[in-house]
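Heavy atoms only: backbone and side chains are in, while hydrogens, waters and symmetry mates are out. To find a chain, count down the sequence lines: A is the first, B the second, and so on, and within it residues start at 1.
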2 protein chains.
Amino acid sequence: MIESDELLSIRAAELYYEEDKTQDEIGSILRLTRWKVGRLLAQAKTNGFIRIEIVHPRARRLPIERRLREERGLKDAIVVSTAGITGEEELQARTAQAAADYLASIRPIPRTLGISWGRTLYEVSEHLKDGWSTGVNVVQINGGVSLNRRAGTAATTAVTIAQKAGGQATLLPSPAILERLETKLAIEGDRAVSAVLEMAATANAYLYSAGTADEHSVLVDSGYLTVDDVHELVRKGAVGDVVGRYIDADGNIVDPSLDARTVGLSHDRLRASDRSIAVIAGAGKHAVANAVVRSGLCTVLVTDEATALSLLDEH
Amino acid sequence: MIESDELLSIRAAELYYEEDKTQDEIGSILRLTRWKVGRLLAQAKTNGFIRIEIVHPRARRLPIERRLREERGLKDAIVVSTAGITGEEELQARTAQAAADYLASIRPIPRTLGISWGRTLYEVSEHLKDGWSTGVNVVQINGGVSLNRRAGTAATTAVTIAQKAGGQATLLPSPAILERLETKLAIEGDRAVSAVLEMAATANAYLYSAGTADEHSVLVDSGYLTVDDVHELVRKGAVGDVVGRYIDADGNIVDPSLDARTVGLSHDRLRASDRSIAVIAGAGKHAVANAVVRSGLCTVLVTDEATALSLLDEH
DNA sequence: GGCATGTTTGCTCATATGAGCAGGGATCGC
DNA sequence: GCGATCCCTGCTCATATGAGCAAACATGCC
């Protein structure tokens, strides 16, 4: 009966889902009462034989989002579906789109939005549609100009987001990491920088991504760190960086002296915000994502299905 | 509107299929009437955004079966799902299982069943359950003993099928292909052989598979043909063999002189039967399957989803 | 601008489906 | 062998859903 019921439930499911028969019709085909058919169908669902997928670039995974909220204590979670995905690129695009959608939907509308920079943020800015909001000012929360190869995109990101919302962009005119602590303190003391940092500290919401701790990190690409520096950080437990600061699996700063030379919003300030949105997607970022969530760096996470599932596993 | 409706339909689908909300509830969440929600859901289905799969080794694809019946004129078609499949092996197992199920279900129960031999048929015999029928006699419809490495399984197949149905197995005591036509005619003249062939010709139903025309063909493995022989057959248009006889894409005998030396039921006799069941699955067998169906060699086809779809494409 | 056409909307009504319950039957322990 | 228990079955009833339709709306054409 255990066996035959399972088989029957599959036959019923075929007729119900593929042939669009009513449970009554199925009943007469399989010589069962329609209640029995209903139960077989319910059983097939319970046993996981029926897989329903929403195949669309904008599709999300609500049940996973809910679990992230409940089990990982997030205020909100956006999980994009990976159904029908073709490559890492598309995954990034979907996630960026979802982040843009989310950003446009938050109420109350933040007057000031603090953002980091990087490929992810740039993509988010591109996916925002013109007029996504009204009068949102954007401020950079970590340094990065000049030394950085991607200086252009860092500035463009902030300007694009602000422009599309009809607001102003404020850039942080400072390198991400200084070689000497004194220089860092000096630059922080400069009015042009301190004013921006102050503005960043009082932003209503934050939007940022995280980087991996490996040779492909943006901070290596940008020339702030050498590959050896990163290896050393990894040895000390680094899993990735958030707004230029490297953290370990528990979210703690890995190298305090390096951190002291890093210009930008502190993680404590980020943790104090009730609207800090992290956008982290991709197979390589599971570890950072976990650290970010575990240590409460973000209240909202925008990510992909695979990363989300890993977060629920780790837990 | 085109855009936003599509997005809305995805949001509605998420709530409906993943969160088990009622259309009414979704209406109040998305600020729509429940009728609008119903329409969005219908739209999402029509657009193919909702993919429902039945994931189970015994799952079949009824809509494809129907199309095979309608578009390719089959009396019946059994198409096993490839959802969640891990390898060629599992595909063969599923198809064999389906063939066994079908065999057990046909009414009226055939008094005599003619079968071929080979890996596929062997697997079908293994998947049949004891007592699958009552008093079905089994007769081999093509030669193959002695020369054949798998002689054992050929006999075992017939005996197993018969035994499990409480019937008798009759083996065809002849090689598949003779080197000289005279020998073939002589052996056919022998009472022990002709009696079996006669029985085969009057069977109520047939169950057979088909082989590919390449170096891995069973007839090569068995030593009846050399690799060069097969290459030559392919050059002449062979796509595969059915009960030891090679056919081209239209189902015609490729090499009449070879065919004349082949012992077993003729294709014409097979075509005359109203219950000839072909079991053909696997990526390599799309071409033979098409030839078999096109030329009316079978009235019933048991196959896998991918092969079935190729049959519908070719058409 | 005004009319005709086609599309979308909100509805009524018929139907399909799921929850919950009482009775019947199998199963288990003693 | 007998009773108690559990599970399964078939039901009633409430709810969810889809078909079909008329009104409202947009659209294009003169």
Original post:
Quick one: does E25(A)'s side chain get under 4.5 Å of L15(A)'s, heavy atoms only?
Top reply: no
**OP:** Would you mind reading off the distance between D24(A) atom CG and dC11(D) atom C1', rounded to a whole angstrom?
**Re:** 14 Å
Original post:
Could you run down nucleotides 20-27 of chain C 5' to 3' and tag each one B, S or - for protein heavy-atom contact under 4.0 Å?
Top reply: B-------
Original post:
Do the side-chain N or O atoms of T22(B) get closer than 4.0 angstrom to the phosphate oxygens (OP1, OP2) of dT17(D)?
Top reply: yes
**OP:** Could you tell me whether the side chain of I85(B) reaches within less than 4.5 Å of the side chain of R94(B), counting heavy atoms only?
**Re:** yes
**OP:** Could you check D304(B) against T307(B) for side-chain hydrogen bond (donor to acceptor under 3.5 Å, both in side chains), going step by step and ending with a plain yes or no?
**Re:** CA-CA 5 Å; D304(B) 65 281; T307(B) 305; 2.5 Å; yes
Original post:
For K36(B) and dA16(D), what is the distance between atoms NZ and C1' respectively, to the nearest whole Å?
Top reply: 20 Å
**OP:** Respond yes when some side-chain nitrogen or oxygen of Q23(B) is under 4.0 Å from OP1 or OP2 of dG18(D), and no when none is.
**Re:** yes
Original post:
Given atom NZ of K21(B) and atom C1' of dT15(D), what is their separation to the nearest angstrom?
Top reply: 17 Å
Original post:
Are E19(B) and R66(A) ion-paired here, with the side-chain N under 4.0 Å from a carboxylate O?
Top reply: yes
**OP:** For the residue pair R60(B) and V302(B), establish whether any side-chain heavy-atom pair is separated by less than 4.5 Å.
**Re:** no
Original post:
When rounded to the nearest 0.5 angstrom, what distance separates CG in L309(B) from CZ in R61(B)?
Top reply: 7.5 Å
**OP:** Check the distance between dT17(D)'s C1' and L41(B)'s CG and give it to me in whole angstrom.
**Re:** 10 Å
Original post:
Any side-chain N or O of Y16(A) under 4.0 Å from OP1/OP2 of dA16(C)?
Top reply: no
Original post:
Starting at CG of L40(B) and ending at P of dG10(C), how long is that distance when rounded to a whole Å?
Top reply: 12 Å
**OP:** Could you state the atom-to-atom distance from CD of E25(A) to P of dA16(C) in whole Å?
**Re:** 8 Å
Original post:
Are any non-hydrogen side-chain atoms of F49(B) and I10(B) less than 4.5 angstrom apart?
Top reply: yes
Original post:
Quick one, which residues of residues 44-54 of chain A touch DNA chain C with a heavy atom under 4.0 Å?
Top reply: none
Subject >> Side-chain heavy atoms of Y16(A) within contact of V37(A), under 4.5 Å >> reply: no
Original post:
Between Q43(B) (CD) and dT7(C) (C1'), how many Å, whole number?
Top reply: 13 Å
Subject >> Separation of dC11(D) C1' from R34(A) CZ (nearest whole Å) >> reply: 9 Å
Subject >> Residue among K36(A), R39(A), R11(A) satisfying salt bridge (Lys or Arg N to Asp or Glu O under 4.0 Å) with D5(A) >> reply: K36(A)
